[in-house]
Engineer: 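Handing you this structure, nothing more for now.
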Amino acid sequence: MGRDIIADIITSIRNADMNGKGTVRIASTSITENIVKILLREGFIENVRKHWENDKYFLVLTLRHRRNKKEPYRTIFNLKRISRPGLRIYSNYQRIPRILGGMGIVILSTSRGIMTDREARLEGIGGEILCYIW
């Protein structure tokens with residue numbers, strides 16, 4: 001059985017955020033690079049750098065941190081995997097869901113690459129719904 005790379009990066013980011021860690025290291029593939037670019041552009045993470053170690057590339061993500069650490073724990077953002085290898089979820093551009101009335105984003109895999117729900121609606125294309133972020 002193959003690995004679900006998208007679920008792995010979502011879980012890594014969620015676990016690091018819950019534990020208050022500042023950085024996350026994930027394997028670098030074309031899919032993960034595109035998803036991380038979207039997270040960076042939308043402001044969910046602060047910085048990304050590519051790191052070479054043991055003949056492999058890794059992406060080191062710097063997460064946004066809470067300014068006041070005395071408050072009880074609250075996650076900065078939430079991620080939810082939708083389409084998975086056992087059950088693919090597809091949507092046309094008219095039926096792409098809006099997360100929190102447009103405050104969150106949906107990441108889709110389309111015929112023109114990985115993009116957000118807003119970009120897919122503007123271009124008028126649908127695709128596989130990868131995850132929700134809010």
Side-chain angles (χ1 to χ4, degrees):
M1 177 159 312
R3 290 183 44 186
D4 187 6
I5 297 170
I6 299 168
D8 288 346
I9 65 169
I10 287 174
T11 303
S12 297
I13 293 170
R14 186 184 309 120
N15 288 344
D17 186 41
M18 285 175 48
N19 290 328
K21 302 220 184 237
T23 60
V24 180
R25 191 179 86 160
I26 59 174
S28 177
T29 64
S30 61
I31 294 172
T32 58
E33 286 181 13
N34 289 330
I35 291 173
V36 167
K37 284 179 189 175
I38 290 173
L39 291 174
L40 184 63
R41 187 176 61 226
E42 296 289 328
F44 289 106
I45 58 176
E46 284 186 9
N47 192 12
V48 178
R49 63 184 165 89
K50 210 168 196 179
H51 182 68
W52 175 262
E53 184 179 310
N54 296 335
D55 298 333
K56 292 182 183 176
Y57 277 110
F58 291 97
L59 295 174
V60 179
L61 313 178
T62 304
L63 301 177
R64 284 180 34 202
H65 58 280
R66 296 185 301 276
R67 303 292 180 216
N68 187 357
K69 298 211 178 202
K70 293 180 182 177
E71 292 180 7
Y73 172 74
R74 257 186 47 220
T75 58
I76 300 295
F77 60 97
N78 295 307
L79 300 110
K80 184 176 181 186
R81 177 78 158 118
I82 301 302
S83 185
R84 51 192 171 88
L87 178 64
R88 304 286 186 186
I89 307 293
Y90 296 95
S91 176
N92 63 10
Y93 77 96
Q94 297 164 337
R95 295 181 188 258
I96 297 173
R98 294 186 189 273
I99 306 303
L100 293 178
M103 297 292 289
I105 63 170
V106 177
I107 297 181
L108 295 121
S109 176
T110 67
S111 58
R112 296 187 191 154
I114 295 177
M115 61 179 63
T116 64
D117 56 338
R118 291 181 214 108
E119 295 167 348
R121 282 191 199 96
L122 285 175
E123 294 196 24
I125 55 175
E128 181 183 354
I129 299 174
L130 298 178
C131 60
Y132 297 158
I133 302 171
W134 68 97

Engineer: Could you tell me which residues satisfy side chain to side chain contact (heavy atoms under 4.5 Å, CB included) with Leu100, sequence neighbours excluded, listed by chain and number?
Structural biologist: Met103, Trp134
Engineer: Which distance, rounded to the nearest 0.5 Å, do you find between the OG of Ser12 and the CG of Asp17?
Structural biologist: 12.5 Å
Engineer: Examine Met115 and Leu39 and state if one hydrophobic cluster contains both, with Ile, Leu, Val, Met, Phe, Trp and Tyr joined whenever side-chain heavy atoms are less than 4.5 Å apart.
Structural biologist: no
Engineer: If you measure from CD1 on Ile96 to CG on Leu108, what distance do you get to the nearest 0.5 Å?
Structural biologist: 4.5 Å
Engineer: Do the side chains of Ile82 and Tyr93 join up, straight or via other hydrophobic residues, at under 4.5 Å, putting them in one cluster?
Structural biologist: yes
Engineer: Hydrophobic clusters here meaning ILVMFWY residues chained together by side-chain heavy-atom distances under 4.5 Å, can you tell me if Ile31 and Val36 are in one?
Structural biologist: yes
Engineer: About how many Å separate CD1 of Ile129 and OG of Ser83, when rounded to the nearest 0.5 Å?
Structural biologist: 8.0 Å
Engineer: Applying side chain to side chain donor-acceptor pair (under 3.5 Å), name anything that partners Arg25, two or more places apart in sequence or on another chain.
Structural biologist: Glu53
Engineer: Suppose we screen for ring pair (Phe, Tyr, Trp, His ring centres under 6.0 Å). Which residues come up paired with Tyr90, at least two apart in sequence or across chains?
Structural biologist: none
Engineer: Decide yes or no on side chain to side chain contact (heavy atoms under 4.5 Å, CB included) for Ile114 and Ile35, but give the supporting numbers first.
Structural biologist: CA-CA 7 Å; Ile114 295 177; Ile35 291 173; 4.3 Å; yes
Engineer: Under the salt bridge (Lys or Arg N to Asp or Glu O under 4.0 Å) test, which residues partner Arg118, sequence neighbours left out?
Structural biologist: Glu42
Engineer: Under 4.5 Å between side-chain heavy atoms, hopping through other hydrophobics if needed: is there a path connecting Leu40 to Ile105?
Structural biologist: yes
Engineer: Could you tell me the separation between the CD1 atom of Ile6 and the CD1 atom of Ile107, rounded to the nearest 0.5 Å?
Structural biologist: 9.0 Å
Engineer: Other members of the hydrophobic cluster containing Phe58, with the 4.5 Å side-chain heavy-atom rule, please.
Structural biologist: none
Engineer: Output all residues satisfying side chain to side chain contact (heavy atoms under 4.5 Å, CB included) with Ala7, sequence neighbours left out; order by chain, then residue number.
Structural biologist: Asp4, Arg81
Engineer: Only pairs at least two apart or in different chains count here, so list each salt bridge (charged side-chain N to carboxylate O under 4.0 Å, His left out) that has a residue in residues 87-115.
Structural biologist: Arg88-Glu128, Arg112-Glu123
Engineer: How many angstroms lie between atom CD1 of Ile13 and atom CG of Leu61, to the nearest 0.5 angstrom?
Structural biologist: 5.5 Å
Engineer: Would you mind listing the cluster partners of Trp52? Hydrophobic ones only (ILVMFWY), side-chain contacts under 4.5 Å, chaining allowed.
Structural biologist: Tyr57
Engineer: Who passes salt bridge (Lys or Arg N to Asp or Glu O under 4.0 Å) against Lys50, sequence neighbours left out?
Structural biologist: Glu33
Engineer: How would you list, by chain and number, every residue that makes a side chain to side chain donor-acceptor pair (under 3.5 Å) with Asn15, sequence neighbours excluded?
Structural biologist: none
Engineer: To the nearest 0.5 angstrom, please state how far the NE2 atom of His51 sits from the CD1 atom of Ile26.
Structural biologist: 13.5 Å
Engineer: Quick check: closest heavy atoms across Cys131 and Ile10, and the distance to 0.1 Å?
Structural biologist: CB-CD1, 3.6 Å
Engineer: With sequence neighbours excluded, what pairs up with Thr32 under the side chain to side chain donor-acceptor pair (under 3.5 Å) test?
Structural biologist: Thr29
Engineer: Would you name the heavy atoms of Thr23 and Ala16 that are closest together and state the gap between them?
Structural biologist: O-CB, 4.4 Å
